[in-house]
Amino acid sequence: MRKSFVILTILAIAGLTASANAAYYVAGEFNGWDAAGQLMTDNSDGTHTATITGFTAGSRHEFKVTDGTWDVTYPGGPNSWFFADDSGEITITFNENLLSDGWEPAQYRIGLSTDPGTWTIVGSFGGAEDWNNAAPTMAMTSLGNGIYKLSKTLTAGSYQWKAVVSGSWDSISTDTRSVNTANASLTVSEATEVIDFYVDALTGTVGIGLDIYRIDRPHLPEPENREEGVEVDGLALSWTVAQVPSLADPNILVADPNLVSHKLYLSDGTEDPNLIFVDTVFGWDTETLRASYTPSPVLDMDGTYRWRVDMVLDTAEELTGSVWEFDTELSIPQITTGPDYQVVDLDGTAVFSVTVSSISTPTYQWYKYVDGISDEMLSDAGDISGTETATLTISNVKLTDEGAYYCKVNNDSGTEVPSAQALLGVKRKIAYWTFESNNANSIIAGSPVSMSYGDPNFVTTGIIGDGMEFDNDTDAEDILYADADQASYFDICNHSMTVGCWIKSGFAATWGPMVARNGEEDGWQLRHRGDTLDRVCFTTRGTENDDGTASNRTVYDDQWHYVAATFDGVEKKVYIDGVVSRVYNGDDGSIAQESDAPAGTISSSLSPVALAGRVKGDPINGLVFEGNSVTPCILDEVEIYNYALSSTQIAQIYANIANKGVCPVPQLYDLDGNCIVNLTDVALLATEWLTDTSVQPIPAL
């Protein structure tokens, strides 16, 4: 797979913007801040240089570029800075050209001959690393030639950032190189986007893009940098040689006239990062300015190769190139899709499939997960078939078939590749708290036992018989939760589920849950939506549209209500009293929305299911009880299914317990709202037949 590149070159055709023969000077503490202390050499191309000696090796100094007075200085604010090299020297370059090479600043760049060696991106990224000039997670990686890169995944929003010498505020930004430069701005429009930050420590510039390199060095490698699946037969490594503007016509780029040859270094295709000298390459195509080398012997498949091309000049000086890498084609099989989870009816059929990319004929073997060590290798027998094919079929599924299934794929490489595990569940109610006879446990066989936090009380005033009352008194909040050691019991709900409960509450605790499995960082929760006065939502983390639409009416009126929510991977819905919560068109009364569109599965959680509050599973600190989120209420008939119930099934649960009919789907001509279109509706229509309420124009006299 090739990756696209944004080509941001260092050299560009530039127009001089300063007055002809303008003189520039370097002023710093090393020359008493004399505005005309060190005259820079005019290179007649819009650049000016000055080499200053006599410093202590590695010492840091501040300076400005001036016009010989303090009327014009670069940078205009805080001072610029440099670190002397090992010989106690520094060469400062001032580039007054206006460049369009993608790097910033575009003009009046201050370049240096030394690189401090460690760079960090600081900015307003919304975490502990914000504006931390020594955050290890924000350290940039050297690409060679003074260029550094950091890739960071950001969510949609606006950010401020700049590149700093690690542990200091010596920085480079879109305005200049100085002490604590101005911040650069960045806007991310996608939901999430990988942003590549770059700094060129030598030219004093920063940039954002997919890849950045210098055209005055070997560039545009083939295979492309980080290319995957490179075929090894007939492979030639090639690159464009260093280019400079032609002396005859500066608008034309030509090969560097000082270039004599290239030295090529290549790794051995393993994790060993060392590069080994391979050969010296003389010559290149004079039209394309491309040079190439064909490795011998042929490179191995399944390898990650790093390589570098150094320039050899006519002075015998060698200039180090960037390190590139590529992955050769895989001989081992690749599982490209599947298997997917299955939730089927009892005695139904489950089908698990994988698709595989392989250069030789693949083989398959299906397993049922036990413990990762003694997993059961399946064979064709009885209701199981296809155990050595890409598709496994289990017929007449029983509860004993529930579990996780996966496939191991092999080919001529002899390397076995396991697929992801896919869960199989039988459609059923997997937890049910009735609270009858003071029983706080789910009555479904095999479901986790319940534990209490605080002191939830049994009451005899449930919607059916007994219920459980929870309060949120400060420091005495009540929560009921399933055994955290069995939290994985509910993992099948990450793919599809229904959660429902009867609730009686007169208070909408802000973002307070009715039933939750964490639902903050991961998992899900049926809860009050805190940005509304008294409405309900179904939060599913990891699915996009996490909180979803608020319900169309309240349940916090101190009356009994049945609240349910379903998720099938494609839609999630909230129901109140057996009817899906619908949004109606304000103009014509038609249904505008009755579900939310999530994407993917609910994120995995270590947390147990909890009632009336949140209990978070923390592998380091143990369970965390969020007492400040408890919903004061009475709960009854709390149930969880491992699949999405239909609207009719939800309505039937409500009708059975409320002992009254419900119309789950509105009908166009059901004028009396009884869910039946009959003669009564015709009679209602007849009473209005031919009634004309229109306003007509009055004829002119």
Side-chain angles (χ1 to χ4, degrees), residues 2-3 5 7 9-11 85-86 113-115 117-119 140-149 151 198 200-203 210-244 255-285 288-330:
R2 291 180 178 269
K3 297 186 177 181
F5 294 90
I7 303 174
T9 57
I10 294 297
L11 297 180
D85 64 17
D86 292 341
S113 57
T114 62
D115 169 12
T118 56
W119 287 86
M140 306 185 77
T141 300
S142 174
L143 302 181
N145 297 321
I147 297 178
Y148 294 77
K149 173 184 177 182
S151 297
Y198 293 88
D200 188 333
L202 301 181
T203 63
L210 296 180
D211 207 4
I212 294 179
Y213 51 80
R214 301 175 60 159
I215 66 169
D216 60 344
R217 296 288 191 275
H219 58 284
L220 288 178
E222 183 66 36
E224 294 177 352
N225 191 26
R226 298 184 298 280
E227 185 172 345
E228 301 173 353
V230 175
E231 295 183 4
V232 296
D233 288 340
L235 173 63
L237 307 178
S238 66
W239 60 94
T240 298
V241 304
Q243 298 170 289
V244 296
D256 188 334
N258 300 313
L259 176 63
V260 173
S261 62
H262 297 94
K263 287 189 174 181
L264 189 141
Y265 297 81
L266 183 66
S267 69
D268 62 3
T270 68
E271 295 182 357
D272 186 346
N274 294 313
L275 300 179
I276 304 168
F277 172 72
V278 174
D279 204 350
T280 299
V281 179
F282 295 92
W284 51 86
D285 188 299
T288 64
L289 301 185
R290 299 282 295 177
S292 65
Y293 174 82
T294 300
S296 181
V298 174
L299 301 183
D300 295 329
M301 295 181 181
D302 310 313
T304 296
Y305 286 90
R306 285 164 289 277
W307 59 302
R308 190 185 78 222
V309 177
D310 295 348
M311 296 171 56
V312 181
L313 305 182
D314 51 11
T315 60
E317 181 182 3
E318 297 183 11
L319 300 181
T320 304
S322 298
V323 176
W324 303 310
E325 71 175 52
F326 61 89
D327 294 331
T328 54
E329 59 187 314
L330 298 176

Just say parallel, tilted or perpendicular for the rings of Phe326 and Trp307, cut-offs at 30° and 60°. perpendicular
Pairs meeting criterion side chain to side chain donor-acceptor pair (under 3.5 Å) with involvement of residues 271-281, two or more places apart: Asp272-Asn274
Sequence neighbours excluded, every pair satisfying salt bridge (charged side-chain N to carboxylate O under 4.0 Å, His left out) that has a member inside residues 310-330: Lys263-Glu318, Arg308-Asp310
For a quick test of reading the model, state the closest non-hydrogen atom pair linking Val323 to Arg306 and the distance between them. CG1-CB, 4.2 Å
Which atom pair, heavy atoms only, marks the closest approach of Leu235 to Pro295? O-CD, 3.3 Å
Pairwise distance CG(Leu264) to CZ(Phe277) - rounded to 0.5 angstrom: 8.5 Å
Taking atom CG of Asp115 and atom CG of Asp200, what is their separation to the nearest 0.5 Å? 8.5 Å
Which atom of Arg290 lies closest to which atom of Pro221, heavy atoms considered: NH2-C, 4.4 Å
Looking at CG of Asn145 and OG1 of Thr203, how far apart are the two atoms once the value is rounded to the nearest 0.5 Å? 11.0 Å
Taking all heavy atoms of Asn225 and all of Trp324, pick out the closest pair and write down the distance. OD1-CA, 3.3 Å
Which pair of non-hydrogen atoms, one from Asp268 and one from Tyr305, has the smallest distance, and what is that distance? C-CE2, 3.7 Å
In chain order, what residues pass the ring-ring contact (aromatic ring centres under 6.0 Å, His included) check against Tyr293, with sequence neighbours excluded? none
Main-chain N/O of Gly303 paired with Asp300 side-chain donor or acceptor, under 3.5 Å: no
Distance check, rounded to the nearest 0.5 Å: Leu319 atom CG versus Leu313 atom CG? 4.5 Å
What heavy-atom pair brings Ala291 and Gly283 nearest, and what distance separates the two atoms? CB-O, 3.8 Å
For the OH atom of Tyr198 and the CD1 atom of Ile147, what is their distance to the nearest 0.5 Å? 9.0 Å
